[in-house]
Every structure is written in C-alpha cells, then in structure tokens.
Amino acid sequence: DRLRSTAIHMGGVISPFNAWLIMRGAATLPVRMRAHEQGALAVAHYLEQHPKVKQVVYPGLPSHPQHDLAQRQMDNYSGMLTFQVEDGPAAARLFSQKLQVIHYAVSLGHHRSLMCYLPTDDLLRTSFHLSGEQERSYRAFAGDGIFRFSVGLEDADDLTADLDQVLHLLP
C-alpha cells in the first residue's frame with residue numbers, strides 16, 4: 001500500500017541512467033548556481049542602468065522591494081530575472097530575430113541563457129485568471145507584459161553585449 005501511494009503521488013521509479021545523470025549533475029550544482037547568480041547580477045545591473053529598460057526585478061538588486069528579506073533568506077539569488085521595456089511586443093520581435101548568444105525560448109534553468117516575452121493579456125487569459133484587485137495589481141506591476149530571462153553560464157559581458165545590440169534598436 002505504501003509503495004502504491006508513493007508511486008501515485010511521486011511517480012514510478014526512474015531508470016538507473018537517469019538516476020546517474022541526476023547524481024552527476026548534483027555534483028556540480030553549487031558551482032553552476034554561483035555562475036548563474038553572478039551572471040544574472042551583472043545582467044540585472046546592466047539592464048537597470050539602460051535607458052530603454054523601464055524596470056528590472058531581481059532580488060539581488062538593492063532596488064528590489066524585498067531585497068533586505070532576500071538577503072536574510074537566500075544564499076543565492078539565482079539566475080532568474082524579469083525586465084520590462086516601453087513597447088514589449090515590438091521588443092520581443094526584435095529580440096527573437098536579433099539575439100545571437102541568448103536564445104529566445106520558453107524555458108528556464110538551462111545552462112544556456114533563455115529569454116521570452118510574457119504578454120499580460122495572454123497570461124491573464126490562459127494561466128492566471130485574475131480579477132478585481134489582483135488583476136489591477138498584476139497589471140500595475142507588469143504593464144502590457146514582461147520579459148523573463150533565465151541567465152545561463154555564458155560570460156556576462158557576452159550577454160550584455162547581446163542585449164545591448166538589440167536594445168539600441170528600440171525607439
């Protein structure tokens with residue numbers, strides 16, 4: 001009965017090869033997470049200073065509204081950040097066409113840097129289903145949409161140069 005309950009709630013047994021892959025990856029996880037954080041912090045600082053960027057949300061930045069809490073609770077701020085520009089849909093088209101180092105894709109936690117645009121109306125229609133004060137609060141935060149950026153293990157200077165060559169094309 002216990003095995004059946006565990007299998008129902010947690011899934012079946014993974015293959016020995018998948019278990020080995022997980023163990024192999026876990027050995028370098030702390031090193032990779034430090035690299036994700038260092039890259040994300042450098043990118044977040046760059047984006048925060050860029051005149052075409054309206055907002056950057058990253059707990060490692062002092063400008064984050066809960067930065068003090070993050071400092072107390074987190075050993076690593078991770079590689080995930082969010083940012084916003086004036087015309088998100090137009091920027092999304094440019095990013096998807098012009099990025100060379102960063103991959104324009106929907107995913108996160110990869111060794112490669114991945115970025116995508118999340119339009120607010122689409123999210124509210126398909127995922128969040130917010131209404132009333134919750135919807136107003138989300139729209140106040142996200143505007144028409146936000147970019148989700150999962151910073152990978154590439155050199156931070158390469159990432160900021162890739163972002164810069166697209167951001168300078170924005171009106």
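Between atom CG of residue Leu153 and atom OG of residue Ser113 there is a gap of 8.0 Å, rounded to the nearest 0.5 Å. Summarising the geometry, atom CG belonging to Leu41 is positioned 6.5 Å from atom CG belonging to Leu61; distances are rounded to the nearest 0.5 Å. To the nearest 0.5 Å, atoms OH (Tyr77) and CD (Gln71) are separated by 4.0 Å. Between Leu29 atom CG and Arg24 atom CZ the span is 13.5 Å, to the nearest 0.5 Å. In this structure, CG on Leu169 lies 13.5 Å from CZ on Arg93, to the nearest 0.5 angstrom. With values rounded to the nearest 0.5 angstrom, Ile102 atom CD1 is found 3.5 Å from Leu163 atom CG.
At least one side-chain heavy atom of Glu154 sits less than 4.5 Å from a side-chain heavy atom of Arg112. At least one side-chain heavy atom of Leu123 sits under 4.5 Å from a side-chain heavy atom of Tyr138. Two residues are said to be in side-chain contact when any heavy atoms from C-beta on lie closer than 4.5 Å; His67 and Ser63 fail this criterion. Using a 4.5 Å cut-off on side-chain heavy atoms (C-beta onward), His111 and Arg32 make no contact. You'll find the side chain of Leu47 reaches within 4.5 Å of the side chain of Leu167, heavy atoms only.
Listed for the Gln84 side chain is a donor-acceptor partner under 3.5 Å among the backbone atoms of Ala142. Looking at Thr6, its side chain does come within 3.5 Å of a backbone N or O of Arg2 through a donor-acceptor pair. A donor-acceptor pair under 3.5 Å links the side-chain atoms of Asp162 to the main chain of Val101, judged by distance alone. Formation of a donor-acceptor pair under 3.5 Å by the Tyr104 side chain with backbone atoms of Tyr117 is found in this model. Remark: the backbone N or O of Ile146 is not paired with any side-chain donor or acceptor of Gln55 at under 3.5 angstrom. A side-chain donor-acceptor contact under 3.5 Å links His36 to the backbone of Val151. In terms of modelled atom types and a separation under 3.5 Å, the side chain of Thr28 and the main chain of Val31 share no donor-acceptor contact. Panel note: side chain Gln165, backbone Lys98; a donor-acceptor pair is recorded below 3.5 Å. Of the possible polar contacts, one joining the Asn76 side chain to the Met33 backbone as a donor-acceptor pair under 3.5 Å is found.
In plain terms, the two heavy atoms of Thr160 and Asp157 that are nearest each other are OG1-O, 3.2 Å. Closest non-hydrogen pair, Gly79 versus Ala40, comes out as CA-CB, 3.6 Å. Here the closest heavy-atom approach between residue Pro30 and residue Ala27 is recorded as CD-O, 4.2 Å. Minimum heavy-atom separation, Ser150 to Ser107: CB-O, 4.3 Å. Nearest approach of Val85 to Ala91, heavy atoms of both residues: CG2-CB, 3.5 Å. Across all non-hydrogen atoms, the minimal contact from Ala105 to Cys116 is O-CB, 3.6 Å.
Residues Met115 and Tyr46 share a hydrophobic cluster, clusters being chains of Ile/Leu/Val/Met/Phe/Trp/Tyr side chains in contact below 4.5 Å. Met74 and Val57 end up in different hydrophobic clusters when Ile, Leu, Val, Met, Phe, Trp and Tyr side chains are linked at under 4.5 Å.
Taking the ring centroids of Phe147 and Phe95, they lie under the 6.0 Å cut-off. Ring centroid separation for the pair His50 and His168 comes in under the 6.0 Å cut-off.
At most 12 non-hydrogen atoms from other residues, nucleotides or ligands lie less than 6.0 angstrom from CG of Asp75. Within 6.0 Å of NE2 in His9 there are 12 or fewer heavy atoms belonging to other residues, nucleotides or ligands. Around the CD1 atom of Ile8, the shell of radius 6.0 Å holds more than 12 heavy atoms that belong to other residues, nucleotides or ligands.
By the 4.0 Å N-to-carboxylate-O rule, Arg139 lies close enough to Asp121 to be salt-bridged with it. Between Glu37 and Arg34 there is no salt bridge, since no side-chain N of the basic residue sits under 4.0 Å from a carboxylate O of the acidic one.
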